[in-house]
Number of protein chains: 2
Amino acid sequence: MSATNPPIRILIVDDHPLLREGLSSLIAGQPDMTLVAEAENGEQALRAFRDHQPDITLMDVQMPTMNGIDAITAIRTGFPTARIIVLTTYKGDMQALRAIKAGASGYLLKSMLRKELVETIRSVHAGRRRIAADIATEMAEHVADDELTARECDVLRLVALGSANKEVAARMGISEETVKTHMKNVLTKLGARDRTHAVVVALKRGIIDI
Amino acid sequence: MSATNPPIRILIVDDHPLLREGLSSLIAGQPDMTLVAEAENGEQALRAFRDHQPDITLMDVQMPTMNGIDAITAIRTGFPTARIIVLTTYKGDMQALRAIKAGASGYLLKSMLRKELVETIRSVHAGRRRIAADIATEMAEHVADDELTARECDVLRLVALGSANKEVAARMGISEETVKTHMKNVLTKLGARDRTHAVVVALKRGIIDI
DNA sequence: CCCGGCCTCCCCATTTCGGGGGATTCCAAC
DNA sequence: GTTGGAATCCCCCGAAATGGGGAGGCCGGG
């Protein structure tokens with residue numbers, strides 16, 4: 001943070017123009033930071049990263065065209081040392097977990113204070129990691145849980161759309177008995193009391209989207 | 001919009017500091033607008049409105065302490081001519097409907113372009129109404145639908161939390177048969193295929209929250 | 001090579017739902 | 001004062017979901 005160091009070069013990726021504006025003006029007020037590019041979806045982010053190779057990328061998760069998780073994976077495939085901070089509205093512990101597994105160094109909420117954000121940028125730039133406390137807490141509550149398998153997620157998604165077991169079976173090309181088995185596992189793993197509760201829990205935790 | 005007119009006096013109400021920053025810097029760039037106050041929840045909004053009586057209030061819906069709908073109702077009880085524009089992330093047609101019934105003159109998404117926002121501010125200040133096209137479309141699809149009654153919402157909320165009809169009945173102090181009747185009505189009104197689907201539809205449309 | 005996880009399928013018994021029907025009471029609005 | 005909506009309760013019945021058990025095949029890591 002000494003004045004002799006070059007500024008932290010930052011890329012912003014978010015599809016909300018207003019939020020980009022807010023970030024941009026926040027960064028403009030920090031003498032040790034400079035904004036090098038903006039992108040409004042994952043594809044643009046990839047190009048912008050290649051062109052500018054920023055020190056820090058601030059990335060939203062929900063975006064059209066290419067979501068933040070895929071963008072993080074793609075960026076870190078080409079640049080394994082890229083430091084990326086996810087900045088999002090809350091969407092459950094699973095989304096955060098996926099972002100971190102994809103290589104994010106930070107996970108923050110858009111509702112946080114400006115001060116915390118700039119501190120996190122400096123912190124991550126210095127090589128540390130920073131996960132918002134409430135998200136860390138929620139992730140910790142589920143570390144011991146078995147995650148849903150791909151097949152179980154498929155079943156649950158169809159159930160969320162109103163399919164009965166028999167219809168799920170027909171759509172997936174498997175027997176109704178298999179669907180029942182998957183649902184039994186889902187109920188157990190999510191600690192849900194019935195299929196409706198399971199869908200609600202999965203939506204809250206970011207395990208499925210609708 | 002002539003330079004001789006006094007500027008449009010604006011109040012911002014949003015719990016996201018970053019978004020307030022973005023709005024603030026956007027307004028600062030408009031010669032015919034001036035920011036008179038900011039608030040980060042409904043209560044503060046009420047006080048700020050009384051103190052400053054802005055021409056336009058930009059209001060989020062989801063906030064701690066006092067939500068946007070209640071804040072709109074409260075403000076317009078004291079100041080029936082207040083012009084309020086709701087600025088939110090998408091949460092279903094029902095939330096928009098409630099905001100408009102409470103007296104909002106505009107309903108916009110946070111993902112919109114800056115240009116559209118400043119145009120809407122001028123438009124609403126001139127006495128017109130402005131609802132984002134996609135929201136208007138979705139609201140139009142449901143104008144013919146019967147809305148859920150208070151009791152039906154109560155039942156659906158408990159169902160979403162994993163209660164069986166029998167348990168909903170016990171919690172609400174009514175008979176299971178009554179719960180079944182309510183659920184039948186809910187399924188019909190929402191066009192849902194089963195209770196799980198009903199909960200998902202209600203969540204998407206902003207009819208219930210979890 | 002063997003083990004574990006995943007996916008698949010099957011059986012049984014009980015409970016819960018969903019879709020019909022109908023009925024009463026209460027309150028507020030016209 | 002009648003009318004209508006909301007809320008309450010009741011019946012029947014077939015379909016669906018839940019909870020318990022078991023079991024075989026496949027694939028990848030140790």
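In what follows, every heavy atom counts, from backbone to side chain, and hydrogens, waters and symmetry copies are set aside. This is a predicted model, so every value here is computed, not measured. So you know, we letter chains A, B, ... as the sequences are listed, proteins then strands, and number each from 1.
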field: A:Lys166 NZ - D:dA15 C1' separation (whole Å)
entry: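 That distance rounds to 8 Å.
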message: Output the rounded distance in Å from CG (B:Asn185) to P (D:dC9).
response: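 Atom CG in B:Asn185 sits about 14 Å away from atom P in D:dC9.
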May I ask you to say whether [X] pairs ionically with [Y], meaning some side-chain N is under 4.0 Å from a carboxylate O?
X        : Y        : value
A:Arg122 : A:Asp32  : yes
B:Glu119 : B:Arg114 : no
A:Asp14  : A:Lys110 : yes

query: For D:dA17, does either OP1 or OP2 sit under 4.0 Å from a side-chain N or O belonging to A:Asn165?
result: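 Looking at the OP1 and OP2 atoms of D:dA17, one of them is under 4.0 Å from a side-chain N or O of A:Asn165.
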No-hydrogen, no-angle side-chain donor-acceptor test under 3.5 Å, A:Gln95 and A:Tyr107: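 Result is yes, a qualifying pair exists.
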- prompt: Regarding A:His182 and A:Asn185, is there a side-chain donor-to-acceptor distance under 3.5 Å anywhere?
  reply: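 No, no side-chain donor-acceptor contact under 3.5 Å.
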query: Do B:Glu38 and B:Gln44 have side chains that get closer than 4.5 Å, going by heavy atoms?
result: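 A side-chain contact is absent here, since even the closest heavy-atom pair is not under 4.5 Å.
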- prompt: Hey, are the side chains of A:Lys91 and A:Val61 touching, using non-hydrogen atoms and a 4.5 Å cut-off?
  reply: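 A side-chain contact under 4.5 Å is absent here.
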Mind listing the residues from [range] sitting with a heavy atom below 4.0 Å of DNA chain C? Number order is fine.
range                       : result
residues 168-184 of chain B : B:Lys180, B:Lys184
residues 140-164 of chain B : B:Ala164
residues 192-201 of chain A : none

- prompt: Is a donor on one side and an acceptor on the other found under 3.5 Å between the side chain of A:Arg9 and the backbone of A:Ile56?
  reply: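 A pair under 3.5 Å: no.
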- prompt: Under the criterion salt bridge (charged side-chain N to carboxylate O under 4.0 Å, His left out), which of B:Arg205, B:Lys189, B:Arg98, B:Lys101 is the partner of B:Glu147?
  reply: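 Looking at B:Arg205, B:Lys189, B:Arg98, B:Lys101, the match for B:Glu147 under the salt bridge (charged side-chain N to carboxylate O under 4.0 Å, His left out) is B:Lys101.
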Steps toward salt bridge (Lys or Arg N to Asp or Glu O under 4.0 Å) verdict (B:Arg130, B:Glu116): CA-CA 10 Å; B:Arg130 187 77 73 94; B:Glu116 297 175 72; over 6 Å; no
